[in-house]
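For clarity, every value in this text was computed on a predicted model and none was experimentally measured.
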Protein chains: 4
Amino acid sequence: MTDSGMEQTIIETAERLFVERGYALTSTTDIAREVGCNQSLINYYFRSKEKLFQAIFEKNAIIFFSLVKEPLEKNIPFLEKIRILAESHFQILLQHAKVPFFILNEIGTNPKQMEAIKSIAKQSLHAIIPVLEHELAVEIAEGRVRNTTLFDILLSMASLNLGVFLFPPILENIMDLGDADVRSLLQQRGKEHARILVTSLLP
Amino acid sequence: MTDSGMEQTIIETAERLFVERGYALTSTTDIAREVGCNQSLINYYFRSKEKLFQAIFEKNAIIFFSLVKEPLEKNIPFLEKIRILAESHFQILLQHAKVPFFILNEIGTNPKQMEAIKSIAKQSLHAIIPVLEHELAVEIAEGRVRNTTLFDILLSMASLNLGVFLFPPILENIMDLGDADVRSLLQQRGKEHARILVTSLLP
Amino acid sequence: MTDSGMEQTIIETAERLFVERGYALTSTTDIAREVGCNQSLINYYFRSKEKLFQAIFEKNAIIFFSLVKEPLEKNIPFLEKIRILAESHFQILLQHAKVPFFILNEIGTNPKQMEAIKSIAKQSLHAIIPVLEHELAVEIAEGRVRNTTLFDILLSMASLNLGVFLFPPILENIMDLGDADVRSLLQQRGKEHARILVTSLLP
Amino acid sequence: MTDSGMEQTIIETAERLFVERGYALTSTTDIAREVGCNQSLINYYFRSKEKLFQAIFEKNAIIFFSLVKEPLEKNIPFLEKIRILAESHFQILLQHAKVPFFILNEIGTNPKQMEAIKSIAKQSLHAIIPVLEHELAVEIAEGRVRNTTLFDILLSMASLNLGVFLFPPILENIMDLGDADVRSLLQQRGKEHARILVTSLLP
DNA sequence: TATGAATGAGTCTTCATTCAT
DNA sequence: TATGAATGAAGACTCATTCAT
């Protein structure tokens with residue numbers, strides 16, 4: 001802990017615990033114990049458990065809704081864009097494996113969070129959706145893509161990609177695989193998902 | 001309310017609340033209030049909140065791992081079986097829309113539940129996996145299915161199907177769609193998933 | 001403490017402490033300690049400190065606004081009514097010497113209490129004010145009472161009577177009188193107040 | 001803010017808040033926030049919340065016990081002195097409308113304050129009481145004033161005058177009068193009180 | 001079978017105060 | 001003179017559980 005990095009330490013510890021156990025099951029006492037500080041200090045810096053949580057939640061919500069790291073290049077065929085999108089989304093999740101569970105959990109657990117998420121989601125998605133929607137219409141019209149909706153495509157993509165990060169703890173256990181085994185099995189799933197998606201879009 | 005009507009009512013109410021809000025956010029006080037009985041009665045019948053919960057959790061875990069309602073007929077081509085499996089799984093979830101979130105949540109939140117789940121999962125899956133695994137090997141060998149693993153297939157299936165029941169609350173909100181709209185959009189996803197899966201398996 | 005008179009004991013102890021020290025300075029821990037019970041028990045019976053307080057506050061507010069024990073007889077001259085009223089009010093306060101301070105304190109301290117008091121006050125006063133107002137008008141018109149308002153009369157009465165119960169603790173101290181001395185000095189103030197009031201009303 | 005401007009600002013702000021809300025309901029945090037300074041600064045200057053309060057309390061206690069701004073002229077008839085006293089007391093209160101409630105509240109709430117007040121009260125009153133007491137005896141002996149005690153007279157005076165500043169918040173509410181209405185009703189009460197007092201002293 | 005009373009541990013929060021700088 | 005960090009005690013409240021009936 002550097003020159004009074006307490007505030008930072010608290011945030012980091014809180015993030016770890018919140019993401020691991022969720023809001024309800026993480027007490028400020030837990031955080032303080034782990035940080036090694038007085039419990040009041042948490043309130044001193046963040047005023048309330050909820051305020052501390054909210055900052056962390058929103059930071060992770062942004063990750064949750066990140067589809068790409070850099071904007072998609074324009075002059076790329078539609079299906080190629082979908083493939084890039086899927087892989088990129090997968091890579092982002094790979095770096096934040098626990099985030100999907102955390103966000104899903106908190107949203108399901110506290111409906112109030114839906115509100116907090118709305119603008120984050122829109123901001124993330126509206127950069128990408130209108131363009132794709134238009135391109136998809138063209139592709140369908142010209143017979144290069146089977147008749148479907150962008151909503152369906154994105155839902156499939158999200159499902160495939162997120163599934164990999166939601167179910168593994170279960171899979172590890174029921175398949176008696178080690179953490180490492182599962183991880184390596186999953187590494188290749190990113191490309192596989194992209195392939196599944198693109199294949200499913202061919203007429 | 002019949003003879004042991006109370007006990008039953010408590011279980012049912014508890015199930016509803018636990019599935020809706022999760023273990024941590026459901027207090028025995030809540031349950032008692034909703035049931036309209038004394039708070040002690042819950043402990044009288046079930047010894048502890050945790051024991052009451054455990055029964056309910058395991059019941060729902062069984063649902064969560066149910067892939068089919070009836071055993072698959074034997075003399076059906078492999079790909080057809082996969083199609084049936086996917087659709088059947090989807091239909092089961094459709095009847096228990098809140099279960100996936102509940103189970104995932106509880107597992108992620110309380111690692112102890114992994115243990116409880118292991119045998120349930122194995123029992124469900126081992127009825128089906130060895131056969132399919134063998135058939136898949138044959139199909140691949142004979143060039144009718146591209147080279148892949150059953151693990152991959154089932155993970156894709158689970159991801160696609162469960163995604164539909166995990167994300168809609170989010171989708172509803174960020175897309176400003178009504179509950180009904182989303183529901184109807186999803187109805188057709190069952191067959192779509194089967195199609196995606198099967199397509200993705202073709203060589 | 002009779003057959004589980006806990007609830008009653010709590011109310012009584014709480015009333016004593018609240019009246020003595022006020023809401024802010026009485027902790028539920030204090031009450032529990034004095035009662036000799038677990039602190040949770042207070043919440044068990046009354047849900048919250050505030051609810052426990054509110055009942056007590058309103059009970060005392062009713063006393064605070066009680067001017068007469070029995071309705072005034074009709075066929076009594078106006079000035080005689082005022083005299084009876086003043087003496088009656090004084091007697092009521094004599095039996096609840098600490099109430100005025102308590103009520104004044106809580107109102108001044110928590111503006112929200114004004115709302116709680118409104119209806120109590122109106123109920124108490126509106127039984128008596130309209131009649132007196134009309135009679136006063138007649139008396140003035142016929143020259144038997146000097147020109148004034150009922151508001152002034154009642155404010156004078158309240159001031160004189162309540163003053164006796166608000167300042168004595170101070171008087172006791174600065175005059176180095178014993179509690180008993182002051183008390184006896186005050187006993188006679190009831191009639192004195194009535195006299196002052198009536199005298200002041202003569203033309 | 002001049003050299004020691006902070007210290008002064010803190011005192012002034014503290015006084016305003018303490019008088020408005022009382023000791024118990026005013027936190028040093030509140031004061032610091034309102035002043036716009038660090039919370040520690042209050043402790044730095046005044047060692048403790050209580051010491052800060054004590055100075056303020058005593059200053060206001062002096063006001064509370066002030067009966068006259070200038071010493072009464074000697075060669076004035078007794079009843080005229082009483083009249084002047086009453087009006088003068090009323091005028092002082094008019095300039096410090098919130099003080100009576102504050103002092104009464106703190107005394108009733110914290111018995112320790114009685115001690116602090118004793119000498120202040122004595123100092124204020126003993127400048128005036130012995131003389132008046134002697135003059136009253138003469139007046140009574142010569143039949144110009146009815147038989148009473150100075151204690152009674154001063155208590156009546158204090159009651160009438162202080163009542164005006166203690167009850168208005170209540171009156172405003174239960175009579176549905178505006179702040180301004182009540183204020184104007186009360187403006188004239190000063191002279192009225194003097195009249196009531198003097199009248200009540202005539203034989 | 002069913003209940004109300006009672007408890008103890010734990011949660012979040014507020015607050016006055018202290019300390020090093 | 002002035003500050004931010006940190007603390008410990010206390011406050012109200014919730015909750016699962018136990019006990020006697």
Colleague: Taking only distance into account, with no hydrogens and no angle test, what donor-acceptor pairs under 3.5 Å do side-chain atoms of residues 16-25 of chain B form with protein atoms, sequence neighbours excluded?
Modeller:
from: B/R16; atom 1: NH1; to: B/E34; atom 2: OE2; distance (Å): 3.1
from: B/R16; atom 1: NH2; to: B/E34; atom 2: OE2; distance (Å): 3.1
from: B/R21; atom 1: NH1; to: B/D30; atom 2: OD2; distance (Å): 3.2

Colleague: Take atom CE of A/M6 and atom P of F/dT7, then tell me their distance rounded to the nearest Å.
Modeller: 6 Å
Colleague: Where along nucleotides 12-18 of chain F does protein come under 4.0 Å, by heavy atom, of base (B) or sugar-phosphate alone (S), with - for untouched nucleotides?
Modeller: BBBBBBB
Colleague: Can you measure from CZ (A/F65) to CD1 (A/I117) and round to the nearest 0.5 angstrom?
Modeller: 4.5 Å
Colleague: Kindly say if C/N38 contacts the phosphate of E/dG8, meaning a side-chain N or O under 4.0 Å from OP1 or OP2.
Modeller: yes
Colleague: So how far is it from D/H96 NE2 to D/N60 CG, rounded to the nearest 0.5 Å?
Modeller: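 It is 8.5 Å, given to the nearest 0.5 Å.
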Colleague: Starting at CG of C/L41, measure out to OG1 of C/T9 and round the result to the nearest 0.5 Å.
Modeller: 10.0 Å
Colleague: Please report the distance, rounded to the nearest Å, between CD1 in A/I31 and C1' in F/dA6.
Modeller: 17 Å
Colleague: Roughly how many Å is it from CZ in D/R21 to C1' in E/dC15, rounded to a whole number?
Modeller: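 That distance rounds to 14 Å.
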Colleague: Locate the shortest heavy-atom distance separating A/E106 from A/Q113; write the atom from each residue and the value.
Modeller: O-CG, 4.0 Å
Colleague: Please list, chain by chain and in numerical order, all residues satisfying salt bridge (Lys or Arg N to Asp or Glu O under 4.0 Å) with A/K112, sequence neighbours excluded.
Modeller: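 Residues passing salt bridge (Lys or Arg N to Asp or Glu O under 4.0 Å) with A/K112: A/E50.
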Colleague: Can you tell me the distance, in whole Å, between the CD atom of C/Q8 and the C1' atom of E/dG4?
Modeller: 17 Å
Colleague: Mind checking ring-ring contact (aromatic ring centres under 6.0 Å, His included) for A/F165 and listing every partner two or more places apart, or none if nothing turns up?
Modeller: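 Applying ring-ring contact (aromatic ring centres under 6.0 Å, His included) to A/F165 gives A/F90.
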Colleague: Take the protein atom CZ of A/F18 and the nucleotide atom P of E/dT11, then report the distance between them rounded to whole Å.
Modeller: 13 Å
Colleague: Restricting to side-chain contact (heavy atoms from CB on, under 4.5 Å), what partner residues turn up for A/K51, sequence neighbours left out?
Modeller: A/R47, A/S48
Colleague: Let me know the distance between CG of A/L17 and P of E/dC12, rounded to the nearest Å.
Modeller: 12 Å
Colleague: Rounded to whole Å, please give me the gap between CG in C/L41 and P in E/dT7.
Modeller: 6 Å
Colleague: How would DNA chain E look in dot-bracket form, 5' to 3', counting Watson-Crick and G-U wobble pairs with both distances under 3.5 Å and writing | for bases paired to another strand?
Modeller: .||||||||||||||||||||
Colleague: Is it the case that over 12 heavy atoms from other parts of the model lie below 6.0 angstrom from the CD atom of B/Q123?
Modeller: no
Colleague: Starting at atom CD1 of D/I42, determine the distance to atom C1' of F/dT3, rounded to an integer number of angstrom.
Modeller: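 Between C1' of F/dT3 and CD1 of D/I42: 13 Å.
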